[in-house]
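Note on naming: letters A, B, ... go to the chains in the order of the sequence lines (proteins, then strands), and numbering restarts at 1 for each one.
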Amino acid sequence: MDAAHAHGYGHGDHAHHPSGILRWIQTTNHKDIGTLYLWFSFSMFLVGGVLALMLRVELFQPGLQVWRPEFFNQLTTMHGLIMVFGAIMPAFVGFANWQIPMMIGAPDMAFARMNNWSFWLLPPAAILLVVSFFVPGGATAAGWTVYAPLSTQMGPGMDLAIFALHIMGASSIMGSINIITTILNMRAPGMTLMKMPLFVWTWLITAYLLIAVMPVLAGAITMILTDRHFGTNFFNAAGGGDPVMFQHIFWFFGHPEVYIMILPAFGIVSQIVPTFARKPLFGYSSMVYATSSIAILSFIVWAHHMFTVGMPATAQLFFMYATMLIAVPTGVKVFNWIATMWKGSMTFETPMLFACGFIFVFSMGGFTGLVLAITPVDIQLQDTYYVVAHFHYVLVAGSLFAIFGGVYYWIPKWTGYMYDETLGKWHFWLSMIFFNITFFPMHFSGLAGMPRRIPDYALQFADFNMISTVGAFGFGLSQLIFLWVVIKCIRGGQKAADQTWEGAEGLEWTLPSPAPYHTFETPPVVK
Amino acid sequence: MVVNPQANFTTLRKLLVVAVAMFGFGFALVPFYKKICEVTGINNVLKADEITNTQIDAARWLTVEFDTNLRNDLPWTFRPLEKSVRFHPGELVQVTFEIRNNSDRAITGQAIPSYGPQLAARYFKKLECFCFTQQTLRPGEVRRMPVVFVIEKDLPQDVNTVTLSYSFFEVEGTAKKAG
């Protein structure tokens with residue numbers, strides 16, 4: 001690995017770099033790898049989006065029109081797996097690769113060759129997932145949570161999904177080790193921990209979460225694999241196992257995983273809001289502590305996903321109160337963002353629109369989360385569309401909107417050109433409106449009792465579902481605007497200034513736009 | 001350049017240890033979970049219950065119906081000798097089940113009980129049951145097995161019929177067939 005290092009840092013020029021496809025396969029440059037992650041994530045986002053539209057087509061009207069129920073279940077499962085592990089998580093790792101070295105004044109990531117491996121593990125995993133649709137029995141239909149005993153009974157599609165998850169997990173762990181090492185060891189002189197930009201802080205904490213829980217997921221799916229093929233009985237009741245135990249182990253991973261997908265989003269929003277409010281972030285240190293508290297609390301709330309499995313009332317009460325406690329640090333963050341805006345000279349360029357949209361819609365998702373935390377209410381709403389509405393409010397309007405905001409915010413630095421502001425604003429407003437048309441009615445269909453993961457439904461849910469489907473197609477098509485904006489911005493446009501945004505602070509804005517292939521080979525000094 | 005490969009590899013090693021330890025922790029949750037269930041008395045379907053109150057409520061009649069299932073194409077026959085029994089809450093009841101191995105190999109099975117309505121499980125006390133142990137049948141062997149139980153008289157008044165359902169699973173080798 002020492003040799004890999006010398007290779008990664010030794011080149012001062014582009015001359016020895018292979019060109020064409022080999023450049024991308026062999027690259028150890030954090031900016032190239034960041035770009036790869038982001039494009040991979042966007043293509044997975046499109047695949048997962050098409051699966052979602054296929055679901056919505058079936059749900060447009062009651063009755064079974066388009067898909068067989070078994071295939072519908074495969075669609076829900078793969079939509080979830082691809083969006084979580086293929087779209088959202090790699091997008092944040094892409095941001096980490098591009099931004100963290102530039103934000104802390106490091107020349108590259110700590111382990112450049114491992115960085116290349118962590119990316120190139122992802123495409124094979126994605127291929128395994130997509131190919132699983134075509135094996136006998138089709139893709140796994142056990143839901144993205146792959147609950148036993150469903151997952152111990154499915155066809156070979158389940159094995160492919162397990163291998164894909166193993167590979168993606170390995171990729172995440174390697175990526176996280178890289179990120180933590182970079183942040184802890186390679187900061188520019190003078191950049192103390194409490195001077196780091198908040199995006200770096202949130203990623204440091206996220207990376208620790210990943211290292212702590214991805215191996216637990218790997219363990220859980222390994223147990224499924226051995227139950228399926230090697231005669232173990234972890235989850236098989238006949239052999240003394242317990243399917244409920246799978247849920248405990250899965251959600252011990254699953255709940256921190258939820259925060260893995262939102263903490264970097266908090267970080268991005270915490271960079272954008274001060275820039276366009278032209279004020280320093282309000283309550284920087286409380287933001288750091290709030291992020292850490294959310295991360296720690298995420299380990300003791302997992303069973304709120306399983307209030308209906310038959311737990312003692314004491315346990316239900318504990319998990320209910322612990323879950324509600326998370327609203328406190330999250331509230332601290334929301335109030336800090338609002339206080340940052342307070343009396344600021346605000347302008348609303350596209351990144352700021354996405355950040356404000358994020359705060360507005362994410363808070364709604366946060367509140368429905370509080371509703372679901374109440375045990376007796378949750379027992380009513382378990383596995384209804386209310387839950388679907390809740391987690392799409394925090395994952396789509398939360399994580400995804402922050403990702404869009406982040407791309408608009410930093411893309412001038414990446415490409416050297418300004419994006420098309422008019423198209424960006426169209427993208428925001430159409431996404432925002434269609435998002436709410438899609439998911440807001442789901443609160444009502446859920447409260448009325450419509451179960452999730454079912455291809456057919458009772459007649460009284462017909463209107464809500466028709467609205468949701470129309471909204472979903474609008475939302476899906478709006479994302480093509482984003483693709484167009486990005487391509488247009490890569491190909492040219494108005495030159496971006498080094499200090500792209502008037503109010504932006506941080507080391508990345510001291511670099512030229514576009515950022516040169518190698519940056520901060522001589523570390524800057526932070527005062 | 002503030003790159004110190006030595007320090008980086010030290011960090012790498014520490015983080016790898018954490019990742020490997022957490023992989024082990026996932027498996028450590030299995031015995032931990034079993035212990036918690038044991039200590040708190042959750043999920044003890046495979047253990048004999050103890051009864052403290054043996055009062056009989058002679059004014060009330062209960063019916064228990066029996067249901068038997070075989071999982072994963074287990075080549076056995078499994079049936080109760082009576083379809084149902086009628087008795088008073090608090091009364092000690094004994095019934096008999098029969099299993100027969102129709103295959104030409106020895107097979108070990110484990111029965112798992114469940115109850116309908118679910119809340120009856122709390123009042124359904126089994127003193128003896130073939131489900132407490134695994135049952136191994138030689139080819140063609142027939143076995144009759146008793147179940148002794150009491151339904152406590154605290155069973156809610158609106159429950160008059162309880163279904164006791166057993167599923168026999170094959171122990172060696174698990175379901176490998178495509179679902």
Side-chain angles (χ1 to χ4, degrees), chain A residues 1-2 5 9 105-108 110-111 136-137 141 150 152-156 158 173 176-177 180-182 184-189 208 211-220 222-223 227-229 231-234 236-240 242 244-245 248-249 252-253 310-312 521-523, chain B residues 1-34 36-37 40-43 45-46 71-72 74 108-114 118-119 121 131 134 167-179:
Chain A
M1 285 280 288
D2 274 317
H5 265 245
Y9 302 133
D108 202 311
F111 307 105
L150 263 182
T152 53
Q153 294 170 20
M154 302 230 147
M158 187 69 218
I173 292 169
S176 305
I177 289 178
I180 294 178
T181 312
T182 309
L184 290 185
N185 294 354
M186 293 169 66
R187 296 190 309 277
Y208 273 113
I211 290 184
V213 299
M214 286 311 287
V216 177
L217 173 72
T222 306
M223 290 181 215
D227 266 16
R228 287 165 61 82
H229 298 292
T232 58
N233 290 304
F234 287 108
N236 182 4
D242 188 343
V244 173
M245 184 175 73
H248 280 289
I249 301 178
F252 183 84
F253 147 80
M311 266 188 279
E521 293 190 291
T522 318
Chain B
M1 209 186 295
V2 268
V3 178
N4 178 354
Q6 217 46 52
N8 285 354
F9 280 103
T10 313
T11 315
L12 172 80
R13 267 192 294 275
K14 284 181 193 159
L15 294 172
L16 271 180
V17 168
V18 176
V20 172
M22 287 311 287
F23 186 72
F25 176 78
F27 285 88
L29 283 175
V30 177
F32 184 65
Y33 176 81
K34 298 238 157 88
I36 288 205
C37 287
T40 54
I42 308 169
N43 201 21
V45 285
L46 302 183
R71 287 295 164 84
N72 308 333
L74 182 62
T108 303
Q110 167 73 55
I112 302 288
S114 70
Q118 212 181 358
L119 92 161
C131 60
Q134 298 181 345
S167 297
F168 249 110
F169 295 80
E170 183 173 346
V171 172
E172 278 143 351
T174 48
K176 279 180 201 145
K177 291 177 186 66

Need one label for [X]: side chain, backbone, both or neither, based on atoms under 4.5 Å from any heavy atom in chain B.
X: A:Ala218; value: both
X: A:Thr222; value: side chain
X: A:Ile173; value: side chain
X: A:Phe253; value: neither

Under 4.5 Å from a heavy atom of chain A, the part of B:Lys14 involved: neither
Euclidean distance, A:Asn233 CG relative to A:Asp242 CG, rounded to 0.5 Å: 12.0 Å
Pick from A:Ile177, A:Val216, A:Leu150: which one has the most heavy-atom pairs with chain B under 4.5 Å? A:Ile177
Please work out which of the three classes, parallel, tilted or perpendicular, describes the rings of B:Phe27 and A:Phe234, given edges at 30° and 60°. perpendicular
Min side-chain heavy-atom separation B:Ser114-B:Ser167 under 4.5 Å: no
Can you find a pair of side-chain heavy atoms, one from B:Leu74 and one from B:Phe169, that are under 4.5 Å apart? no
Can you tell me which of [options] forms the most heavy-atom pairs within a distance under 4.5 Å of chain A?
options: B:Gln118, B:Arg71, B:Met22, B:Lys34; value: B:Met22
options: B:Leu15, B:Thr11, B:Thr10; value: B:Leu15
options: B:Val18, B:Leu29, B:Val30; value: B:Val30

Sub-3.5 Å donor-acceptor pair from the side chain of A:Asp227 to the main-chain atoms of A:Thr152, do we have one? no
Answer yes or no: is there a donor N or O on one side and an acceptor on the other, between the side chain of A:Arg228 and the main chain of A:Gly155, under 3.5 Å? yes
Is there a side chain to side chain contact (heavy atoms under 4.5 Å, CB included) between A:Ile249 and A:Leu217? Walk through the geometry before answering. CA-CA 8 Å; A:Ile249 301 178; A:Leu217 173 72; over 6 Å; no
